[in-house]
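Below is one structure; the comments refer to it alone.
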Number of protein chains: 2
Amino acid sequence: MSSGNPETRARILDAAWHLLEAADGREVRMGDIAKRAGVSRQAVYLHFPKRAELLIATTRHIDRAKGVDARLAASRNAGSGVERLDAFVEAWGNYIPEIHGVGRALMAMREHDPDAKTAWDDRMQAVRQGCEAAIRALAADGDLTDAFSPAEATDLLWTMLSVRAWEALRTDCGWSQRAYVDGMKAAARRLLVARDGRSG
Amino acid sequence: MSSGNPETRARILDAAWHLLEAADGREVRMGDIAKRAGVSRQAVYLHFPKRAELLIATTRHIDRAKGVDARLAASRNAGSGVERLDAFVEAWGNYIPEIHGVGRALMAMREHDPDAKTAWDDRMQAVRQGCEAAIRALAADGDLTDAFSPAEATDLLWTMLSVRAWEALRTDCGWSQRAYVDGMKAAARRLLVARDGRSG
DNA sequence: TTGCCGCTTGACACAGTGTAAACTCCACCC
DNA sequence: GGGTGGAGTTTACACTGTGTCAAGCGGCAA
């Protein structure tokens with residue numbers, strides 16, 4: 001795929017990952033990543049010609065290290081549609097903080113870098129598929145509200161579970177991660193489940 | 001407040017406004033604004049020393065031109081809490097597209113410019129107050145769900161009505177503005193209103 | 001020994017923001 | 001008429017960060 005020693009490549013990806021994770025608002029430059037990886041700035045460009053490529057590769061690196069696929073797959077094994085919705089909200093909701101650092105950087109590039117935009121949009125499309133599947137399971141059980149069409153319900157769930165919404169609730173509103181996951185579960189049920197035995 | 005001819009200042013603000021409104025993803029540079037205003041780039045800096053200041057002034061300029069205050073005030077006169085919630089969602093939801101151009105630019109600067117961050121956060125705090133007031137009215141009528149505390153309900157409503165969520169639904173999901181407003185009204189009621197006579 | 005691979009060093013182009021200084025134009029005021 | 005100051009213009013430049021280019025260097029393998 002790309003030139004250079006795979007070990008160096010991995011060191012760069014690790015450096016990018018951890019810097020972005022720790023960067024609380026601060027910019028992470030190519031030079032910072034190089035320094036942290038113990039490599040020259042040009043070496044970084046040898047492995048990743050564009051900043052966007054490095055960021056994209058970093059998300060994949062994290063996915064591999066954290067095993068997203070396995071985690072999201074778990075939500076597919078839930079019994080009922082409602083349980084599946086809960087499981088999906090929990091799985092994805094708890095994955096957001098893991099990729100948030102890179103996500104931030106990638107979202108910021110989205111505006112002026114078409115590659116970054118495509119890469120991030122692709123990832124979000126994958127999340128959307130998860131939402132769609134959860135809604136389908138709900139509908140199959142006859143538990144989907146008739147207030148929204150399945151497509152609308154998918155859109156709403158996907159928007160609710162966006163990284164931006166997570167940022168707003170966690171950072172601006174000061175919710176804990178636990179509160180976020182529980183709150184989103186409750187909100188998703190209220191919003192999308194038909195007969196939920198809700199009283200008020 | 002600032003030096004220079006108020007007319008020139010207004011021309012610059014108008015230029016910024018219309019360029020940002022029309023800029024669909026494209027960057028709007030200080031030079032672009034100057035050119036459109038029929039003025040030198042340096043003249044822009046004479047009126048607005050920093051890009052962030054220009055953007056902030058532009059939002060205020062739009063507010064004045066579009067009369068937000070009046071529009072939002074209308075939602076305060078609604079009879080019941082539920083009506084007030086509807087009115088607020090409608091008023092703010094229909095205002096988002098008006099400021100979206102500048103909003104985008106300001107949100108993009110938020111990351112590395114503290115002034116831009118403060119300015120945008122202040123604006124969003126104002127929206128939050130509106131959410132809070134709507135929730136309070138709902139609670140006063142005894143119509144607020146007991147699934148969430150008033151604070152949580154405010155946070156959820158505020159997040160739902162964020163510019164990012166609007167972008168997601170309108171741009172990524174292809175909702176029309178009408179569909180957005182109606183969808184948000186329905187979602188807000190489902191999520192927050194206790195006895196809404198909902199069937200499914 | 002030769003040759004390549006992986007990396008380093010150092011220089012540079014480019015864009016966009018922001019600063020600085022000198023100069024023009026005009027209106028106003030004595 | 002002559003002086004003054006405000007508003008804007010022109011030109012030039014510093015700075016930051018991305019991305020490119022070219023030369024060089026150490027180690028390893030044929």
Side-chain angles (χ1 to χ4, degrees), chain A residues 1-16 19-20 23 25-58 102 104-117 119-120, chain B residues 1-16 19-20 23 25-58 102 104-117 119-120:
Chain A
M1 57 190 315
S2 76
S3 62
N5 182 340
E7 270 179 45
T8 306
R9 185 186 157 92
R11 273 222 314 289
I12 294 169
L13 289 171
D14 278 336
L19 277 181
L20 286 163
R26 285 176 301 281
E27 298 281 322
V28 176
R29 296 173 290 270
M30 296 298 269
D32 299 333
I33 295 168
K35 190 184 287 181
R36 163 118 192 193
V39 104
S40 70
R41 194 170 67 92
Q42 278 53 35
V44 177
Y45 280 102
L46 244 40
H47 289 269
F48 310 95
K50 309 271 162 197
R51 185 177 143 86
E53 280 182 48
L54 170 56
L55 294 180
I56 294 159
T58 304
V102 211
R104 259 177 70 98
L106 219 34
M107 284 188 292
M109 291 198 70
R110 234 182 75 120
E111 318 274 328
H112 48 267
D113 186 314
D115 290 351
K117 172 161 169 48
W120 184 251
Chain B
M1 58 189 310
S2 79
S3 62
N5 182 340
E7 270 179 45
T8 306
R9 186 187 156 91
R11 274 222 313 288
I12 294 169
L13 289 171
D14 278 336
L19 278 179
L20 286 163
R26 284 177 300 282
E27 297 282 322
V28 175
R29 296 173 291 272
M30 296 299 268
D32 299 333
I33 295 167
K35 191 183 287 180
R36 163 116 191 194
V39 106
S40 71
R41 195 169 66 91
Q42 278 53 35
V44 176
Y45 280 102
L46 242 41
H47 288 268
F48 310 96
K50 309 272 164 195
R51 186 178 145 84
E53 281 182 49
L54 170 55
L55 294 180
I56 295 159
T58 304
V102 210
R104 262 178 68 100
L106 220 33
M107 284 188 294
M109 291 198 71
R110 234 183 77 121
E111 318 274 326
H112 48 269
D113 186 314
D115 290 351
K117 174 163 168 45
W120 184 250

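In what follows, chains carry the letters A, B, and so on, assigned in the order in which the sequence lines appear, proteins first and then strands, with residues in each chain numbered from 1. Computed from heavy atoms alone, side chains included, the values below leave out hydrogens, waters and symmetry copies.
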Whole angstrom value for the distance that separates P of D:dT18 from CD1 of A:I33 | 8 Å
Heavy-atom closest pair (B:A15 atom, B:I33 atom, distance to 0.1 Å) is CB-O, 3.7 Å
Write down the distance between NE2 (A:H112) and C1' (D:dG17), rounded to a whole number of angstrom.
-> 11 Å
Below 4.0 Å: OP1/OP2 of D:dG8 and any side-chain N or O of B:H47 | yes
List the atom of B:M109, the atom of B:L55, and the distance in Å for their closest heavy-atom pair.
-> SD-CD1, 3.6 Å
Mind listing the closest non-hydrogen atom pair of B:R51 and B:A105 along with its distance?
-> NH2-CB, 4.2 Å
After noting the C-alpha distance and the side-chain angles of B:D32 and B:K35, does the key distance pass the salt bridge (Lys or Arg N to Asp or Glu O under 4.0 Å) rule?
-> CA-CA 5 Å; B:D32 299 333; B:K35 191 183 287 180; 5.7 Å; no
Start and end of the DNA chain C segment that chain A contacts, any atom under 4.0 Å from a heavy atom = C:dG6 to C:dA11
Please report, rounded to the nearest Å, how far the P atom of D:dA22 is from the CG atom of A:L46.
-> 14 Å
Please give, in whole Å, the distance from D:dT16 P to A:R41 CZ?
-> 14 Å
B:E7 CD - D:dG8 P separation (whole Å) = 10 Å
Please test A:L13 against A:F48 for side-chain contact (heavy atoms from CB on, under 4.5 Å), starting from the C-alpha separation and ending with a verdict.
-> CA-CA 10 Å; A:L13 289 171; A:F48 310 95; 3.7 Å; yes
Tell me: CZ of A:R51 to C1' of D:dT20, nearest whole Å?
-> 18 Å
Is any side-chain heavy atom of B:L54 closer than 4.5 Å to a side-chain heavy atom of B:M30?
-> yes
Nucleotide by nucleotide, 5' to 3', does protein get under 4.0 Å of the base (B), only the sugar-phosphate (S), or neither (-) in nucleotides 25-30 of chain D, counting heavy atoms?
-> ------
Minimal heavy-atom distance between B:L106 and B:A52, with the atoms involved, is CD1-O, 4.5 Å
Between the side-chain atoms of B:Q42 and the base atoms of D:dT10, is any donor-acceptor pair under 3.5 Å?
-> no
Closest heavy-atom contact between A:A43 and A:I12?
-> O-CD1, 4.3 Å
note: B:Y45, atom OH; D:dT11, atom P; distance rounded to Å ~ 18 Å
Quick one: A:K50 NZ to D:dT18 C1', roughly how many Å, whole number?
-> 9 Å
Spell out, as yes or no, whether a donor-acceptor pair under 3.5 Å connects the side chain of B:R11 to the backbone of B:A37.
-> yes
